[in-house]
Structures are given as C-alpha cells and as structure tokens.
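Working notes, structure below.
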Number of protein chains: 2
Amino acid sequence: MENKPKEVARRPETAEEKMRYGKSEAILRAAAKVFARSGYFNAKVSEVAKTAGVADGTVYLYFKNKDDLLTSIFNWAMEEFIASARKEMAEAADPREKLRRFAQLHFKLFERERDIAIVFQIELRHSTKFMEQFSTTYLAEYLEILRDIIEEGQLTGIFRKQLNSKVVAKFLFGVMDEMATNWVLSHKNHSLTAMVEPVLDIFFNGVMESNA
Amino acid sequence: MENKPKEVARRPETAEEKMRYGKSEAILRAAAKVFARSGYFNAKVSEVAKTAGVADGTVYLYFKNKDDLLTSIFNWAMEEFIASARKEMAEAADPREKLRRFAQLHFKLFERERDIAIVFQIELRHSTKFMEQFSTTYLAEYLEILRDIIEEGQLTGIFRKQLNSKVVAKFLFGVMDEMATNWVLSHKNHSLTAMVEPVLDIFFNGVMESNA
C-alpha cells in the first residue's frame with residue numbers, strides 16, 4: 001500500500017523510492033495541468049498519462065482512477081503547504097507577522113503553481129462529497145494553524161479576547177479564498193501576493209485591541 | 001422567446017403567463033431539490049420532471065437542458081435577491097445598517113431555501129465555465145451593491161477613505177461566502193443568520209475610521 005494518497009508527499013528514501021516518488025509527483029503535476037485546462041469532468045486519464053510522458057498503465061500503478069488523482073493532488077499540495085507553513089511560523093515571533101507569512105506563502109504557492117490553484121479553487125469544489133472531504137481533512141488543519149496564531153495573539157493582548165477564534169480563522173480563510181478565486185478567474189494576471197497587505201490591513205484593524 | 005432564463009423571475013401578468021410562470025418556477029425548485037440531493041452531475045432531467053410533477057417533455061418546453069436549468073436557478077434566485085436587496089437598501093439610511101440588512105437578507109434566504117443554498121455554494125462552482133458566468137453577471141451586480149454602500153460610508157466619513165472599495169466589497173463577500181459554505185457542509189444545523197453580527201463586528205472594526 002505504498003501509494004495511498006496520504007503518503008504521496010512523504011520524502012523518498014531509497015533510490016527506488018526516489019524514482020517512484022518522482023514519477024508519482026510528475027503524474028500529479030500532469031493531472032493538475034490537464035484538470036486545469038480541460039476541467040475535471042472532461043479530462044481523461046489517458047490525457048494525463050500523455051502529458052506526464054508515461055503509459056496509461058503506469059498511471060494506474062500509482063493511482064486508482066481519476067477521483068484518486070484529484071484527491072491525491074489535494075493531499076500532496078496541502079501536505080507540502082502545511083509543512084512549509086509550520087516551518088515558517090516557527091521562525092516568526094509576532095502573531096501578525098505569522099499571519100502575514102502564512103498568507104504570503106499561500107498566495108506565492110498559487111502564483112508559482114497556477115494549475116494547482118485552478119484545481120484548488122474550482123475543480124476540487126464540484127461536489128458535496130469532495131467539499132466535505134476537503135473541509136474535514138487538511139482544510140481543518142489549515143484552519144487550526146490560523147486559529148492557534150489568533151489565540152496566541154489573544155493571549156498576548158494584541159487581538160481582541162472576546163472574539164471566537166474559530167470564527168476569526170474562517171473569516172480570514174474566506175477572504176483569502178475569495179481573493180484566490182478572483183485571481184484564478186481573472187485573465188488580467190494581476191499579482192495575487194499584492195493582495196496580502198490590503199487584506200491584512202482590514203483584517204488586523206478588525207481583530208486588534210484598540211490599544212494594541 | 002418568453003422562456004429565456006433572464007426572464008424567469010419577471011412578474012407574470014396575464015392568466016396564461018401566471019400559469020406558465022408558476023410552472024417554470026415549480027420546475028426550477030424541483031431542479032434545485034434534485035441537484036442538491038443527487039449532485040448536478042448525477043441528476044437526471046427525468047428526475048426533475050418527476051419531482052415537479054410534470055411530464056419530461058414539459059421541462060423541455062421551458063428549459064433547453066440540464067445546463068439551462070442550473071443557469072436558470074442562478075438567474076432566478078439572483079434576480080429575486082437583488083430586487084429585495086435594492087428595496088431594503090432604500091429603506092435604511094446608515095451604510096452600516098444597509099450592510100447589516102444586506103447580509104441578513106442573504107443568509108435568511110439560504111436558511112429558508114436550503115436547496116438553493118446548496119446549489120449556490122457547491123453545484124454552481126463545478127467548472128471554470130460556470131464560475132466565469134457566475135462572476136461576470138449577477139455576482140458582479142451583487143458586488144456593485146456592496147461597493148456602492150462602502151463608497152457611501154467613505155463619503156460620509158464612517159469608513160476609511162484610503163481603502164479600495166472594490167477590494168472591501170470582495171473582502172466582505174469572501175467572508176459571507178465562507179460562512180455560507182460552512183453552514184451548507186455542516187450537519188449540525190446551526191443558524192447561519194447568527195453569523196451576521198460576529199462577521200460584521202470584525203468587518204466594521206476593520207474598515208471604520210477610528211474616530212467614526
């Protein structure tokens with residue numbers, strides 16, 4: 001069971017694992033490209049194989065079906081993001097600085113990987129089933145990181161104590177999510193990262209103690 | 001061309017029109033119910049007809065196909081919402097009160113019409129094509145109403161003048177949209193309308209002049 005979606009982003013160790021890991025990542029990148037271009041429903045696994053430069057059968061060695069490819073893109077990208085976020089968070093002291101880095105990391109990733117961004121903002125949301133899966137696994141972890149930072153800010157007296165940290169985390173995610181969807185749908189190619197400061201300006205004013 | 005989607009929500013006048021109007025609305029409600037229950041992709045037009053209590057052929061008298069049903073649900077619900085919102089806005093003077101009424105109207109509609117809420121938060125977002133259609137028509141009008149209220153508040157000195165009203169409108173929509181999706185996916189049946197005050201508390205603090 002080496003190829004379960006949850007393990008895709010695990011660091012490879014042996015030479016054989018490295019090869020396998022490289023190939024499964026290449027297939028996931030190809031799948032993201034194909035899903036972003038053709039839409040999940042129109043996409044064919046054979047198109048993914050062709051884009052990845054492998055035989056159709058090779059895709060099925062790693063992934064059960066098209067559904068599994070979509071879930072695996074989500075798990076892989078979220079694991080990578082959460083690992084980077086946790087590392088960055090450990091390097092910042094101020095809760096505001098942590099939120100700034102978190103938002104920048106999220107938006108920079110999307111700018112660097114537009115196919116992944118399209119899959120995240122559109123293709124992953126096509127059904128209640130996926131949305132539920134999405135919101136009860138890594139998205140819950142994403143919100144938990146935000147919540148921890150907000151509670152830290154409440155403890156140190158920067159953010160208003162009476163606010164419900166769970167609501168505040170969803171609030172910030174909602175704004176960032178809308179900015180990301182807007183950027184994906186816009187053909188003007190404006191910078192998504194440039195939205196971090198205007199968003200945080202309103203957000204920080206919204207949640208800060210008036211004397212902080 | 002009496003049955004173009006854009007005209008679905010037009011008030012019927014003659015007796016014949018009233019009957020036709022009632023029937024097309026009944027079909028749209030049935031479609032929303034079927035899409036919410038089975039998901040757009042699995043839903044069958046024959047299931048919509050059965051739920052509406054009409055023959056399959058009758059659905060096709062009013063709507064071209066399943067795609068047209070989905071687009072028509074969106075157009076019909078948005079027209080109703082925007083008409084109500086414009087009316088409510090005219091009755092409030094303070095921009096904060098306008099935003100409060102707007103948010104309450106949006107969330108109350110979803111609580112009253114859960115099938116419509118599921119279609120809006122999930123089924124309508126399944127493809128770039130729909131998302132683009134969604135964001136360039138009525139959603140643009142929705143954001144414009146928010147933007148007008150924000151600019152009014154900037155003019156009267158309540159909201160910070162240096163904020164980009166377009167960004168502020170998207171900001172507020174993003175938060176409300178996330179709360180709505182969360183509510184749709186949650187099986188706990190908490191009140192969505194109860195989220196209006198916590199959301200606006202943070203939002204108003206975020207956008208208000210410190211001396212307002």
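Keep in mind that what you see is a predicted model, and the values were worked out from it rather than measured.
Residues A:N205 and B:R160 meet the side-chain proximity criterion, which asks for heavy atoms closer than 4.5 Å.
When heavy atoms are compared at a cutoff of 4.5 Å, B:M179 approaches chain A solely by way of its side chain, counted from C-beta outward. Neither the backbone nor the side chain of B:N164 comes within contact range of chain A; no heavy atom of the residue lies under 4.5 Å from a heavy atom of that chain. For chain A, no part of B:T136 is nearby; none of its heavy atoms comes within less than 4.5 Å. Of the two parts of B:L163, only the side chain, counted from C-beta on, holds a non-hydrogen atom closer than 4.5 Å to a non-hydrogen atom of chain A. Heavy atoms closer than 4.5 Å to chain B are found nowhere in A:N42, neither backbone nor side chain. When heavy atoms are compared at a cutoff of 4.5 Å, B:F41 approaches chain A solely by way of its side chain, counted from C-beta outward.
Sparse packing is recorded around NZ of A:K166, with 12 or fewer heavy atoms of other residues, nucleotides or ligands lying under 6.0 Å away. Atom NZ of A:K50 has 12 or fewer neighbouring heavy atoms from other residues, nucleotides or ligands inside a 6.0 Å radius.
Note on ring orientation: taking the six-membered ring where Trp is involved, the planes of B:F171 and A:F171 are perpendicular (angle over 60°, cut-offs 30° and 60°).
Comparing A:V199, A:N182, A:I122 by how many heavy-atom pairs each has under 4.5 Å with chain B, the most go to A:I122. Across A:E178, A:R125, A:M195, the residue that shares the most heavy-atom pairs under 4.5 angstrom with chain B is A:E178.
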